[in-house]
Number of protein chains: 2
Amino acid sequence: MSGTHTDVPSVVAHELPRPVPLDEFAACPVGEVFRRVGDRWSMLLVILLGRRSYRYNELHRAIEGISQRMLTRTLRGLETDGLVHREVHPTVPPSVEYSLTPLGRTLLEPLSALADWAVLHEPEIAKARAERIRGGGPSSDL
Amino acid sequence: MSGTHTDVPSVVAHELPRPVPLDEFAACPVGEVFRRVGDRWSMLLVILLGRRSYRYNELHRAIEGISQRMLTRTLRGLETDGLVHREVHPTVPPSVEYSLTPLGRTLLEPLSALADWAVLHEPEIAKARAERIRGGGPSSDL
DNA sequence: CAGCATCCACTCTGATACTG
DNA sequence: CAGTATCAGAGTGGATGCTG
């Protein structure tokens, strides 16, 4: 693992004599950040906006599958967290330009790393998934 | 995970009726993979299992906040996708050991990169979020 | 053009109770 | 110990209609 965040491991990884909960781990920012960026559209928008700035309907057309509602919601969320900048040009008709903030641009790299992983290994995942299903899934309510 | 999906790209996914520039991206495996790993517990388990193997109740205690249901579901999901290996030792009482597969271990690095980003920039996000809220929250159902 | 409001379906998550 | 079954609530995402 490459220099991990919650390095509490001196306790956890070696001895673990008692039920040391991973408080510092379970409650660490990773989960929160994933909740923000791990939804259906956020990371897509971040990577997209990493190339250039877009206008609202431009994004709507580019993604093709996202609803106005989710586009707006996602952009607002990213804006709220300081990842995306929203600039309104008071023209007629109005035009709004979305772009990444410096903070948002820093996210671009780790996100791309994960995206690359996804592209690279998706076939393996699909294969593993298919094999499991053929084996007879215990379904549950999954 | 029922909606947009690009099926196994190996052989079958070269010609789709799509009108967009982002096709290879918007419908690419990134979204699917994020849906798998982007839930509340998956990446936590992956990073945790990246250190060593764990038994079921050991994980349950370690994470402290996850329900049995979600622990089982998440493990099953990761197992289905070939990221986690589940080995049952036919002892009495039974013991089940969970560990990362080689594929799962490859995920560890990009995941850690993102985790590092999260830890590093979480304060900025929290700050940006706090400032936005003071500005006046939009109603909507966000 | 760039949204907001409303309704609705589906998913995710957790609490609780029970089993081999 | 290592799960499974069921119920219920919150959250997510989409369709449609309307506005400045």
Side-chain angles (χ1 to χ4, degrees), chain A residues 19 26 31-32 34-45 49 53-80 84-99 136-142, chain B residues 1-5 26-27 31-32 34-45 53-80 84-99 136-142:
Chain A
E32 289 305 308
F34 253 78
R35 304 281 293 196
R36 141 108 351 275
V37 148
D39 63 25
R40 186 161 179 178
W41 305 109
S42 290
M43 57 94 199
L44 200 55
L45 284 172
L49 292 172
S53 62
Y54 279 80
R55 286 170 53 189
Y56 183 84
N57 275 340
E58 212 176 356
L59 286 170
H60 196 199
R61 279 188 300 271
I63 296 188
E64 186 92 16
I66 192 172
S67 61
Q68 281 189 330
R69 172 184 154 84
M70 288 317 298
L71 179 54
T72 300
R73 275 187 57 142
T74 306
L75 285 170
R76 290 284 187 275
L78 292 171
E79 190 193 358
T80 296
V84 159
H85 174 65
R86 175 176 180 265
E87 185 156 6
V88 182
H89 302 290
T91 59
V92 178
S95 109
V96 179
E97 190 177 349
Y98 291 94
S99 56
S139 52
S140 176
D141 70 344
L142 179 61
Chain B
M1 328 228 172
S2 41
T4 356
H5 182 355
E32 287 303 309
F34 253 77
R35 304 280 292 188
R36 145 116 334 285
V37 149
D39 63 24
R40 184 159 181 182
W41 306 108
S42 289
M43 56 94 199
L44 201 55
L45 284 172
S53 62
Y54 280 80
R55 287 169 53 188
Y56 182 84
N57 275 339
E58 211 176 358
L59 286 170
H60 195 199
R61 280 189 298 271
I63 295 188
E64 183 101 13
I66 193 173
S67 61
Q68 280 189 330
R69 174 185 156 82
M70 287 318 297
L71 179 55
T72 300
R73 275 189 57 138
T74 306
L75 286 169
R76 289 284 188 276
L78 292 170
E79 189 193 359
T80 296
V84 159
H85 174 65
R86 173 175 181 266
E87 185 157 7
V88 182
H89 302 290
T91 60
V92 178
S95 111
V96 179
E97 190 176 350
Y98 290 96
S99 56
S139 38
S140 171
D141 64 343
L142 177 59

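Naming convention: chains lettered A, B, ... in sequence-line order (proteins, then strands); numbering from 1 in each chain.
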### Message
A side-chain contact here means heavy atoms from C-beta on lying under 4.5 Å apart; do A:Arg36 and A:Leu78 qualify?
### Response
yes
### Task
Specify the separation, in whole Å, of atom CE of A:Met70 and atom C1' of C:dC8.
15 Å
### Nearest heavy-atom neighbours spanning A:Ala62 and A:Tyr54
CB-CE2, 4.5 Å
### Query
Under 4.0 Å between a side-chain N/O of A:Arg86 and OP1 or OP2 of C:dA2, yes or no?
no
### Message
With a cut-off of less than 4.0 Å, is there a side-chain N or O of B:Tyr98 near OP1 or OP2 of D:dG3?
### Response
yes
### Message
Please report the distance, rounded to the nearest Å, between NE2 in B:His60 and P in C:dA15.
### Response
9 Å
### Message
Ring-plane angle category for A:Phe34 and B:Phe34, please: parallel below 30°, perpendicular beyond 60°, tilted otherwise.
### Response
parallel
### Query
Are any side-chain N or O atoms of B:Ser95 and backbone N or O atoms of B:His89, one a donor and one an acceptor, separated by less than 3.5 Å?
no
### Message
Under the rule for side-chain hydrogen bond (donor to acceptor under 3.5 Å, both in side chains), what residues qualify as partners of B:Gln68, not counting sequence neighbours?
### Response
none
### Message
Rounding to an integer number of Å, can you tell me how far A:Asp39 CG sits from C:dC12 P?
### Response
13 Å
### Between D:dT16 (C1') and A:Leu71 (CG): distance, integer Å
17 Å
### Query
Over how many whole Å does the gap from B:Phe34 atom CZ to C:dC12 atom P extend?
16 Å
### Message
On DNA chain C, compare the nucleotides closest to A:Pro94 and A:Thr72; which residue's is nearer the 5' end?
### Response
A:Pro94
#### Entry: Short side-chain N/O contact to C:dC1 OP1/OP2 from A:Arg55, under 4.0 Å
no
### Task
Between D:dT12, C:dC4, C:dA2, spot the one nearest the side chain of A:Arg73, thanks.
D:dT12
### Task
Let me know the distance between CD of A:Gln68 and P of C:dA5, rounded to the nearest Å.
13 Å
### Query
Just to confirm, is there a sub-4.0 Å distance from OP1 or OP2 of C:dC1 to any side-chain nitrogen or oxygen of A:Tyr54?
no
### Task
Whole angstrom is fine here: how far is it from CD1 in B:Ile66 over to P in C:dC12?
14 Å
### Summary
5'-most contact on DNA chain C (nearest-nucleotide basis), A:Arg35 vs A:Asn57, goes to A:Asn57
### Query
C:dT11 phosphate, OP1 or OP2: any side-chain N/O from B:Arg36 under 4.0 angstrom?
no
## Note on the structure
Of the listed C:dC4, D:dG3, C:dT13, the closest approach to the A:Arg76 side chain comes from C:dC4
### Message
Output the rounded distance in Å from CD1 (A:Ile63) to P (C:dA2).
### Response
14 Å
### Message
What's A:Gly65 touching, base or sugar-phosphate or nothing? Going by heavy atoms closer than 4.0 Å.
### Response
sugar-phosphate
### Query
So does B:Arg69 reach the base of C:dT13 with its side chain, donor to acceptor, closer than 3.5 Å?
yes
